[in-house]
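Note sheet for the following structure.
In what follows, every heavy atom counts, from backbone to side chain, and hydrogens, waters and symmetry copies are set aside.
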Amino acid sequence: FRNRLPASMQDKWATAPMPAPRAADYPGMSMAGGSSLCLFKASKKKDAAWKLVEYLSAPEQQIRFYALTQDLPAHRAAWRDPKVANDPPLAAFREQLEHVAPLPRVPEWEQIATAIYEDGEATIRGKMTIQNAVADLDSKADHILAKRRWVVARAHPGAAGSQPAVGGQQR
């Protein structure tokens, strides 16, 4: 917002942690996303690659990267740096960092996430009600995951809940 809003709007925005279904659960969970650094098993330069991962993961580099790109640091120690610790709009992001869950570990997750974004935008723009968006997302996710259920049913016949899917519905 600092980079996109005019000076006259700079005092008219704020950030907050994710809401939760119940007040007692506040703040709500968010998905741990962002970028990942990895080291390939077959790498011929594992030592050098690991040193690069350690370097990029260091709080000092995370703060430097934040200064250059405005991407928030993932390392908790980096949040003690005054550049982020003393910035009120960033406090909600720091609090949220303690309330994250991993993304679902299914290859279809990106397709499902895209559907969430599309139906979320349609809802925000008034082109879809919340109830219709939830029903549509349920249907889309069911359809996207139908093949996975079919594959699992073939690999593990008779397993509970592994009935082959037909037209997105369980038999």
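Enclosure of atom CZ in Arg94 by more than 12 non-hydrogen atoms of other residues, nucleotides or ligands within 6.0 angstrom is indicated. The number of heavy atoms from other shown groups lying within 6.0 Å of CG (Leu68) is above 12. Residue Phe93 qualifies as open at atom CZ: its count of foreign heavy atoms under 6.0 Å is 12 or below. In Phe1, the CZ atom is not crowded: 12 or fewer heavy atoms of neighbouring residues, nucleotides or ligands sit closer than 6.0 Å.
Nearest heavy-atom pair across Thr15 and Leu90 is OG1-N, 4.5 Å. Nearest heavy-atom pair across Leu37 and Ser57 is CD1-OG, 3.9 Å. Nearest heavy-atom pair across Thr123 and Thr129 is OG1-O, 4.0 Å.
By the salt bridge (charged side-chain N to carboxylate O under 4.0 Å, His left out) test, Arg76 pairs with Glu98, sequence neighbours left out.
No donor-acceptor pair closer than 3.5 Å links the side chain of Ser139 to the backbone N or O of Ala135. At least one donor-acceptor pair under 3.5 Å links the side chain of Trp79 to the backbone N or O of Pro73. Proximity of a side-chain donor or acceptor of Gln70 to a complementary backbone N or O of Tyr66 within less than 3.5 Å is detected.
A distance of 10.5 Å separates CZ in Arg64 from CG in Leu56, rounded to the nearest 0.5 Å. Between the CD atom in Glu121 and the CE atom in Met128 there is a gap of 11.5 Å [rounded to 0.5 Å]. Taken to the nearest 0.5 Å, the CE atom of Met31 stands 7.0 Å off from the CD1 atom of Ile116. Asn132 contributes atom CG, which lies 11.0 Å from atom CG of Leu137 (distance to the nearest 0.5 angstrom). In this structure, the separation between CZ on Arg149 and CD1 on Ile144 is 11.0 Å, given to the nearest 0.5 Å.
A 4.5 Å side-chain heavy-atom check between Phe65 and Gln61 finds every atom pair outside the cut-off. Residues Leu72 and Gln96 are not in side-chain contact: their nearest non-hydrogen atoms beyond the backbone lie 4.5 Å or more apart. Counting only heavy atoms from C-beta outward, the side chains of Pro17 and His99 never approach each other to under 4.5 Å. Side chains of Met29 and Met18 form no contact here, defined as non-hydrogen atoms less than 4.5 Å apart.
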Going by atom type alone, with no hydrogens or angles, which donor-acceptor pairs under 3.5 Å involve a side-chain atom of residues 100-111 and a protein atom two or more places apart or on another chain?
unit_1, atom_1, unit_2, atom_2, d
Glu108, OE1, Arg148, NE, 3.0
Glu108, OE1, Arg148, NH2, 3.2
Glu108, OE2, Arg148, NE, 3.4
Glu108, OE2, Arg148, NH2, 3.4

Which atom pairs, one a donor and one an acceptor, fall under 3.5 Å between side chains of residues 39-53 and the rest of the protein, sequence neighbours left out?
unit_1, atom_1, unit_2, atom_2, d
Ser43, OG, Lys45, N, 3.1
Lys46, NZ, Lys41, O, 2.6
Trp50, NE1, Glu54, OE2, 2.9

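A salt bridge links Lys140 to Asp136: at least one charged side-chain nitrogen sits closer than 4.0 Å to a carboxylate oxygen.
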